[in-house]
Amino acid sequence: MTRRYVMEFERPLVELEAKLEELQRLDLTANPELVAEVATVAEEIEALRESTYADLSAWDRVQISRHPDRPKAQDYLAAVFTDVVELHGDRAYGDDEAIVAALATVDGHRVAVLGHRKGKNTRENIARNFGMPHPEGFRKAMRIMRLANKFGLPLVTLIDTPGAFPGIEAEERGQAWAIAESLALLSGLRVPVVAVGIGEGGSGGALAIGFGDRLIMLENAYYSVISPEACASILHKDAGKASEVATCLAMTAADLAGLGIVDEIISEPSGGAHRQPEEVFGAVRERVSSALTALAGADPNELVRSRYERLRSIGVIEEGSG
Amino acid sequence: MTRRYVMEFERPLVELEAKLEELQRLDLTANPELVAEVATVAEEIEALRESTYADLSAWDRVQISRHPDRPKAQDYLAAVFTDVVELHGDRAYGDDEAIVAALATVDGHRVAVLGHRKGKNTRENIARNFGMPHPEGFRKAMRIMRLANKFGLPLVTLIDTPGAFPGIEAEERGQAWAIAESLALLSGLRVPVVAVGIGEGGSGGALAIGFGDRLIMLENAYYSVISPEACASILHKDAGKASEVATCLAMTAADLAGLGIVDEIISEPSGGAHRQPEEVFGAVRERVSSALTALAGADPNELVRSRYERLRSIGVIEEGSG
Amino acid sequence: MSISDWFKAREARRYTTINGERAAGSEVPDGVWSTCSACKRIVYEGQLVEYLRVCPHCGHHFDLNAFERIGLLADPESFDEFDAGVGSTDPLGFVAAKPYTESLESARERSGLTEGVVVGRATVGGHPVVLGAMDFRFIGASMGSAVGEKIARAFELALDERRAVVLCTASGGARMQEGMLSLMQMAKTSATVRRLAEARLPYISVLTNPTMGGVTASFAVVADVVLAEPGALVGFAGPRVIEQTIKQHLPKGFQSSEFLLEHGMVDEVVPRGQLTARVTTLLDYLARGGERA
Amino acid sequence: MSISDWFKAREARRYTTINGERAAGSEVPDGVWSTCSACKRIVYEGQLVEYLRVCPHCGHHFDLNAFERIGLLADPESFDEFDAGVGSTDPLGFVAAKPYTESLESARERSGLTEGVVVGRATVGGHPVVLGAMDFRFIGASMGSAVGEKIARAFELALDERRAVVLCTASGGARMQEGMLSLMQMAKTSATVRRLAEARLPYISVLTNPTMGGVTASFAVVADVVLAEPGALVGFAGPRVIEQTIKQHLPKGFQSSEFLLEHGMVDEVVPRGQLTARVTTLLDYLARGGERA
Ligand SMILES: [Zn+2]
Ligand SMILES: [Zn+2]
C-alpha cells in the first residue's frame, strides 16, 4: 500500500484512523471488550473528521492547495475540456513545460487555455520545474494570448504555481521582463478572459496569467503576493511562523472575495479537491462555461475597458493633503 | 609600417608600386641611369592603376566589399549621422553586437538606424562575430523596427554581413524563425524604410534588415542569394570557381539595378570606399536624405501598399497552361 | 492529369520490382517493395500504402511528393489546382557546371511538374482552404521566382476568398540559379503571409523533411500554428555548412522536428497518420473562431 | 515644502559631521563627509554635490532619494508634484513582528514623504512629461495600493495631457503587508502603461539601485527605452532567494545593470552625469517623432 500523504492538520485524524484500523485487524470475537472501543473510536473519528475539515485555517488551505494528489492543470484539461490540442514553444528559446498551452473546448465554448503545470510525481515535477515557469514559459503564454486575440478565442487560465522560478538562468533571460510584458498584454486582450485559481497562486508568476474578466477560485486555492514561508522569514526571521502569516496575508479564496478581487468561489469536497476530483471538475466546467456565456458577444472595446476598470479599482488608499 | 591588405586583383599593381618604392629608396644621383626607369615604372603604375580599378569583375568587387579597411556601419553612424543614441538588446536573451541599432539624425531627419556591424580588428570581429548575427540580433532589430513604427521614425538600414551565423546555438534559438519574422515585420512597417548596401549583402541575414521603399547600393557592395564560394562548392564542387560564379549570380550593384531590385548606385572612389571614406559618407548622407525627403509625409497605408507592390513584382516567370 | 492518375503513374516509377534476385536471408516474395532508409528493413508496398508511407518497423516517415501530401490532407475530390503552369525561366542566363535551363527541363521531365510547389483550392475537414505542398524532386523544391510567385498568389487568393492556408513545406532553400530574384522571394512571400495575418485568416504550416534555408526563413515558419512531421530535418543553415563553420560534428538529432519542438520552434510533432485530423481540429478553432462549437 | 527646502532639510539629516575624531591616517578636515560603500574611501560633501553623488574615486553611484532624482532630471522650477497626499492605509490589519501602521508611520516620519513614489508634471529638456521617482527610504519603495495608484494616475494623466512619462525606479518589490491588494498593483500599473503605449506616447524608465520583484516585473521594464544607472541591482528574485533555491553562490555582477545590458534587457547603462542629456535626446526622438529636427 502506498503511504498516504498526510497534511499537518490532518495528523490527529490520521493517527486515530490508524488506531481504528489496528483494532479492526484484531479478532473481535476473541476480544469482545474491544467491540465497544471500536465503536467509540469510530465515533471519535467522525467528530474529529468533521472538525478537522470544517474550520480550515489559511495555512491548512495552503497545505491542501499543495497536496500532491490535488488535481493539476492537465487533469482539468483532460476532464473539463474536449478536443484539446496542446501548443508548444515560445518561438525563440524553448518550450517550458511548467506552462501548458492549448486550444480546447469547454461545454461547447472553443477557447485557448493557459495553465501552470505541476507534475504528478518526481520525474514529472523535475521536467516541469514544480510548476515554476522560466521566462520562456511566460513567452509561450504570450504567444497563445496573441493567437487567442487574433482569432477571437476566449482565454481560460488555470492558476497553480508556487511562483516564477528564482534562478540564475531565469534572471538572465529576463524573468521580470517576461512577467511584465505578459501583464500588459493580458490586460489588453480583446477576448474574454476567465481565470481560475485551482491550487497555488504564488506571486508574479501566478499573476502573469492570473487575472481577467472573471476570477474564480477553488475554496482551498490560495493567491498571494508572497509565500507565507518567505513572508515569515522576512518579517519574523522565522519561516516557522508561516501559519500565522498566512492568515495576515488574506490569501484564501474567501479573504479575496471579501476584498473584491475574487468573483466566485467553487466549494471543494470535504478534505480537498483530491478527495472527489470529478465533483470539482464538474463545478469548474459549469462555472467557466457560465462565465464564458455571460461574456460571449461582448464588444471587445467594452471588454478591455471593463477589465481595465476592474484592475484600476483595486487598492485601498487615503487621499491626504500632501 | 602596417602591412597593407592586398586584394587579389590589386596584386600586380601593388608589386609594381613596391618596386617603385624600392627604386626611389636608392640614391638616384649616384645611379642616374635609374631616373628613367623610375619614370617608366611610375607611368606603368598609372596605366595599371587605371585598368585595375576601371573594369572590376563581380569577384573583384566582392573583395573590395570585404576589405578590412572598408567603412563599417559604425563609421557611417559616426560620420553621416548626428545625435546618435545606440539602443541595445532583444529584451529576451541578449545583445547581439553583430547588429547595431540606434536613434540618429541624418541631415535633419530623425530616424531609427539598423545595421550589421563588423569589427575593425580581430578583437572587435570576435565580439561582433564578423558581422554575422544570431537570432537575438534580428530580434533586437525587430524591437527597433516596432519602436520606429510606433513613433513614426523612418528606418534607415545599413547592410553589411557575410550572412546570418550558421552555428548550433543560432539554430537552437531559431535563426530561421527570427529572419522570417523580421521579413514579415519589415514588409509592413508604416514608416519609410531606406536600405543601403554598404558592403556585403549575404543572403537571408542581409535581407532580414535589407529591403524597403528604397534600396541604395554602393558601387562595390554586393547582394546575393548565396556567397560565391558556397555556390561554387555546391555547383562545381570547387570553391575556387567563386570568381566565375560571382558573375553568374548577378550580385553587383549594377547587375541588381538592371534587375530592378536596386534603385540607386553610389559610385565609390577609385579602388573602393576605403580610399576616400569622407567622399562616400557625403554621398550616402545626401542620397539617404533625399530618399527620406521624397518619402516624408507619405500616407502610411500607401507606403505599405507600395512596398508590397515593389516586393510583389520581383521575379521572372512564365505562365504555361499547366 | 487527375490526382489518382498522377498517383498511379508516379508509383509505377517509384517501386522496385524484384527480378529473381532476393535480399539475402530475407523472405521477400515476388512483388513490390522498398528499403527503409532509417532501419534498412524491407517494406512491402501494401504495408506502405496502409501506413501512409511510414515504415511499419521503425516509424520512419518516407518522403512524399506534392500530390501525395495533397491527397493525404484534402477532402476527397476537393482539390482544384491553380497556377499549375507557372514556371521559372532563366533570367540570369545562369550556367555553372550545367545550364539552369537544363536543370529545369530535367526536373520537369522527372517530376511531371512545372515547378517545385503545387497549390490549389481545397477543403480540409470541410473547411475551405488554399492548400499547397512542395515537391522536393523539383530541384530540391528550391524557391525561385516561380515558387515565390505561386506561394504569393496562394496567400493573395486566400485573402480574397477568405480562406485559411495550409502548406506542407519541403525545400533545400533558395534557388541560387536565380540569384537575388530568388532571395527576394523570401521577403515577397513573408509579406503575403503578413497580409493574411492582418486579415486574421489562419495559416497552418506543416514542416516536412527536409525544409531548409530560405524557405524555412520566410513563409514556412511564420504560421499561426507550425506542425512538423516526425524526424524531419528543418533549419536555416545546412548541417554541412554548420560543421564546416564550427569545425565540429553536430549532435545526433540536431535540426530534427523533435529538436525544434524542444527548442520552442514548433507547436507539435504530428505523426502522418494523425495529421489530417489535427489540421482539421486546428481549423475548427482558428477558421471558425470562438463561437460555440 | 519646495524642492530646494526639502533638499536642504534632507541633506542636513544625512551628513555625518565629524566631531573631533578623524578617520585613521587620512587628512579629513572638519566638515561634512561620507564613506563610499563601494571603495570605502571618504568623500567630501562638496565633491559629492559636484559629482551628482557619484564617488569621485571609484564611480560608485550613491543612492538618491526621490526629490534628488527629480532635481537631477527636471528643468529648473518645472516640477509640479501631484497626488502628494495619496498614502496607503492598512486594509488587512496586518501585524507580523510589528504592525504595518507603525511601519507606515515611521517611514513617513523619516522620509517626509507620504508614500514611496513622488510624481508630478515637469519639463525635461523642454519636453512636457510626467516625471516620477521612487524613494527607497519609504519601506523600500515597495509597491502597495498607494504606489500603484500614484503610478496609475501618472500614466493616466500623461495620457490625458499627451505627455511622455519618465520614471526613475527603485524598489524592494511588492509591499507584502497589503497582500493581494499589493500584487494586483502589478497588473494595474502594467495595464496603464499599455494604454499609454497604445496612444503612442513615449515612456522612458531609468532603473536605479535597487529595483526588484514586483516593480521590475511590472511597470519598470515595459518602457519604450529602458536605461539603468551603473552598478544598480535589478532583477525579479532577490539574490538571497536565488542562492537559497539553487544552493550556490551567485557570480559577481549578477543582476547588475551591466549584466542586464549584456543579456539584452536594457538599452543603455548611463552614468548619472549624462542621464539628463540622454533622456532629453530620447525625448527629442520619441516625443516629437520623425519630422525634421
Ligand atoms: Zn524503418
Ligand atoms: Zn568609491
Side-chain angles (χ1 to χ4, degrees), chain B residues 81-97 99 101-113 127 134-144 146-156 173 189-194 289 292-293 295-298 300 303, chain D residues 125 127 162 164-165 193-207 216-217 220-228 230 234 236 256-271 274-293:
Chain B
F81 296 85
T82 56
D83 296 311
V84 176
V85 184
E86 191 179 345
L87 302 175
H88 291 273
D90 68 345
R91 297 289 182 274
Y93 184 83
D95 181 49
D96 188 342
E97 294 190 37
I99 293 270
L103 301 175
T105 304
V106 53
D107 198 21
H109 298 275
R110 291 199 190 88
V111 299
V113 179
H134 279 72
E136 51 271 24
F138 299 117
R139 294 192 178 110
K140 169 163 77 172
M142 282 190 263
R143 191 172 70 82
I144 272 54
R146 290 193 189 96
L147 191 77
N149 199 52
K150 180 175 176 184
F151 294 107
L153 296 164
L155 181 64
V156 176
R173 296 199 290 272
L189 292 185
R190 295 169 62 79
V191 292
V193 179
V194 176
S289 177
L292 290 169
T293 301
L295 294 163
L303 266 180
Chain D
H127 296 278
R162 302 219 36 101
V165 173
V193 175
R194 185 193 60 78
R195 287 182 93 211
L196 192 84
E198 286 191 351
R200 294 170 185 246
L201 291 166
Y203 164 32
I204 296 167
S205 79
V206 182
L207 308 177
T216 316
V221 301
V222 284
D224 296 302
V225 177
V226 179
L227 306 177
V234 179
F236 177 65
S256 68
S257 300
E258 295 73 18
F259 166 95
L260 292 171
L261 182 70
E262 190 189 329
H263 288 284
M265 300 301 154
V266 302
D267 281 293
E268 194 182 2
V269 176
V270 185
Q274 299 165 27
L275 185 63
T276 308
R278 180 58 90 227
V279 171
T280 299
T281 306
L282 287 169
L283 290 172
D284 288 343
Y285 285 105
L286 305 183
R288 287 200 187 125
E291 87 280 25
R292 293 178 75 96

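Each chain gets a letter, A, B and so on, in the order the sequences are listed, and its residues count up from 1.
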So, for D/Y285 and B/D83, which heavy atoms are closest and what is the spacing to 0.1 Å?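 For D/Y285 versus B/D83, the nearest heavy atoms are OH-O, 2.5 Å.
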D/D224 versus B/K150, closest heavy-atom pair with distance: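 Minimum heavy-atom contact is OD1-NZ, 2.5 Å.
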Check salt bridge (charged side-chain N to carboxylate O under 4.0 Å, His left out) between D/E268 and all other residues, then give those that pass, not counting sequence neighbours.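 Salt bridge (charged side-chain N to carboxylate O under 4.0 Å, His left out) list for D/E268, sorted by chain: D/R278.
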Select, from B/L292, B/D96, B/L147, B/V85, the one with the greatest count of heavy-atom pairs under 4.5 Å involving chain D. B/V85
In this structure, OG1 of D/T281 is separated from CG of B/L103 (nearest 0.5 Å) by 10.0 Å
Applying a criterion of heavy atom separation less than 4.5 Å, what residues of residues 86-95 of chain B form contacts with chain D? B/E86, B/L87, B/H88, B/G89, B/D90, B/R91, B/A92, B/Y93, B/G94, B/D95
D/V226, part contacting chain B, at a heavy-atom distance under 4.5 Å: both
Residue D/L260 versus chain B: region with a heavy atom under 4.5 Å: neither
Where on B/R139 is there a heavy atom nearer than 4.5 Å to chain D: the side chain, the backbone, both, or neither?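 For B/R139, no heavy atom lies under 4.5 Å from chain D.
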Counting N and O atoms only, with roles assigned by atom type, does the side chain of D/R200 sit under 3.5 Å from a partner on the main chain of B/N149, one being a donor and the other an acceptor? yes
